[in-house]
Amino acid sequence: MNSTLILKGNILYTSRPSEFISIPHGYIIAVDDVVVYCGESIPPAYAACEVTDYGDNLIIPGFVDTHAHAPQYCNRGLGMDKELLPWLETYTFPEEAKFSDPDYARLVYGAFVQDLWRNGTTRSILFGTIHKESTLVLMELLQKAGLSAYVGKVNMDRNSPEFLIEKTQQSLIDTKEWLDASLQFGPLVKPIITPRFVPSCTSELMSGLGKLAEEYNVPIQSHLSENHGEIDWVASLHPESPNYTDVYYEHRLMGQVPTVMAHCIHLSDVEIDRMAETQTMVSHCPYSNVNLSSGIAPIRKLMKRNIPIGLGSDISGGHIVSMAKVLTEAIGLSKMKWVEVDQTYAPLTLSEAFYMATKGGGKFFGKVGSFEKGCDLDALIIDDTSIFDPNERTLEERLERWLYVGDDRHIVERYVAGHIVPNPQG
Ligand code: GUN
Ligand code: FE
């Protein structure tokens, strides 16, 4: 038996970056969790089906966070006085070491998963820690919650404190065991190979992870070109490689399987060529880039090269889980790039940033982040009536205002792959 779901309300989504599609009091029809129709009236074939009517509420796609560190959740809003490398040493690594204890992991990951739910992040691409058991706990909690995610057990075998480092061979063995154990999850929760970044992974480890990614056909995530100190360090560790991007490329960590790289702020033109050629996704993390004084990513330039782009909270380099706020920050930062740095970088429009936070990042998951035919039905129902304004507004204006001044209290329902997702903590 096919299951049919029909949602009615004020529909807004982006099928391409340049404009919103806006359907007042329209219908989304999903059969077996996949959208078959989105438009103004119900086609006759579905006339007898039950309709869930959300009245004057907005219906938008669920948000996609393409880069966050679940184990850094308790550090959000702390330790913002340093740049990347001392920040990692001082705040991040000591916190991540605590995840050798699966009970601590369960406590923190439970709260983090609930915060994703609260903020309407229906899909996410997450770093765990080097600990395989705790990483499996995160996957279990996401699966139980009904949220979709790629989750990575992190690999680190050099330049790391003795309380958060692996031996090369053991790291590969643990990764294989963790990949095998992850098969119990799915289809919404899946593994992703996660070398932390070049400075914390030896060549031997990176090559081994590239082989595992191909063998298991799983995607890859890492960090790339975030901070000048980091970039100089990579150049001194890898004098044989022409640039930071090609260190990953030469270790078969880019271009073999779908890959997402966080930040990509200071890429040279040849590195941008490589990103375009390999169709590596950039996860743009504006709050993190501001907090850690990392820089302003050249998003307009990357867009012009057709490089796939998603947005990331980068908890806890970034302090905000809400992708609504991450996308408005991406717009703000792009305006600063335009006015302060280079007038050829036109600021991001609302529809462009919204696209990145939905369909752009959603590409990593297949057909996700839009209400076009064939997409998995991920949706948020937004009741914005408590945001005071006695004036008539268009649907786009109502969405813009909710993105800027609204919050999770206005999200009254969340759907992932055609199913309502209740509060994971009851
Ligand atoms: N580079 C390597 N590790 C990290 C991390 O945890 N956060 C950020 N923002 N950059 C990194
Ligand atoms: Fe990060």
Side-chain angles (χ1 to χ4, degrees), residues 65-99 108 112 124-131 135 138 149-161 164-166 192-202 205-206 209 220-234 237 244-245 247-248 253 259-266 281-297 310-321 323 326 329 333 361:
D65 185 345
T66 56
H67 183 73
H69 298 260
Q72 297 174 22
Y73 185 62
C74 295
N75 274 358
R76 70 205 184 288
L78 299 178
M80 295 299 172
D81 56 337
K82 296 194 188 317
E83 287 187 56
L84 175 66
L85 300 175
W87 171 80
L88 286 171
E89 293 282 340
T90 312
Y91 303 109
T92 309
F93 293 158
E95 181 60 22
E96 289 194 14
K98 297 178 191 167
F99 289 74
V108 176
F112 173 72
S124 49
I125 308 178
L126 304 174
F127 274 56
T129 57
I130 59 173
H131 314 99
T135 306
L138 176 57
Y150 280 103
V151 178
K153 178 213 132 12
V154 173
N155 301 89
M156 320 166 58
D157 73 336
R158 68 169 167 180
N159 299 317
S160 304
L164 192 72
I165 193 165
E166 303 166 292
I192 181 166
I193 295 281
T194 307
R196 180 172 210 119
F197 67 159
V198 168
S200 50
C201 299
T202 59
L205 179 59
M206 286 192 279
L209 292 173
I220 295 169
Q221 64 178 342
S222 194
H223 296 92
L224 174 60
S225 197
E226 178 176 6
N227 163 285
H228 291 298
E230 170 210 21
I231 294 163
D232 293 346
W233 196 14
V234 171
L237 289 167
Y244 192 166
T245 303
V247 178
Y248 289 123
L253 290 169
T259 304
V260 55
M261 289 288 168
H263 309 301
C264 302
I265 301 171
H266 307 290
M281 183 177 284
V282 170
S283 176
H284 174 42
C285 305
Y287 278 121
S288 171
N289 299 164
V290 168
N291 288 336
L292 300 177
S293 306
S294 299
I296 310 177
L311 296 180
S313 66
D314 194 24
I315 296 293
S316 67
H319 56 293
I320 301 281
V321 173
M323 293 307 295
V326 170
E329 182 73 359
L333 201 53

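None of the values given here were measured: they were computed from a predicted structure. For ligands, and for the atoms within them, numbers begin at 1 and follow the listed sequence.
- Of all non-hydrogen atoms in G317 and Q72, the two that sit nearest each other are N-OE1, 4.1 Å.
- The shortest N/O to N/O separation between W87 and ligand 1 does not fall below 3.5 Å.
- Using a 4.0 Å cut-off to heavy atoms of H263, the atoms of ligand 1 that qualify are 9 (N).
- Checked against the Fe ion (ligand 2), the N, O or S atom of D314 at the shortest distance is OD1.
- Considering CD1 of I130 and CE of M156, their distance stands at 6.5 Å, rounded to 0.5 Å.
- Each of the following atoms of ligand 1 lies closer than 4.0 Å to a heavy atom of D314: 8 (C), 9 (N).
- Using a 4.0 Å cut-off between charged side-chain N and carboxylate O, R196 and E96 make a salt bridge.
- The N, O or S atom of H223 lying closest to the Fe ion (ligand 2) is NE2.
- Ring orientation note: the planes of H223 and H69 are close to parallel, at an angle under 30° on the 30°/60° scale.
- Closest to atom 6 (O) of ligand 1 by heavy atom, among E226, R196, E95, H67, is R196.
- Between T92 and ligand 1, a contact under 3.5 Å exists for no N or O pair.
- The L84 neighbourhood of ligand 1 comprises atoms 8 (C), 10 (N), 11 (C), with distances under 4.0 Å to a heavy atom of that residue.
- The contact set between ligand 1 and L88, taken as ligand atoms under 4.0 Å from a residue heavy atom, comprises 2 (C), 3 (N), 4 (C), 5 (C), 6 (O).
- For H67, the N, O or S atom with the smallest separation from the Fe ion (ligand 2) is NE2.
- At least one donor-acceptor pair closer than 3.5 Å links the side chain of H266 to the backbone N or O of S294.
- Ring geometry for W233 versus F197: interplanar angle over 60°, hence perpendicular rather than tilted (30 to 60°).
- Between the side chains of Y248 and S222, at least one donor N or O lies within less than 3.5 Å of an accepting N or O.
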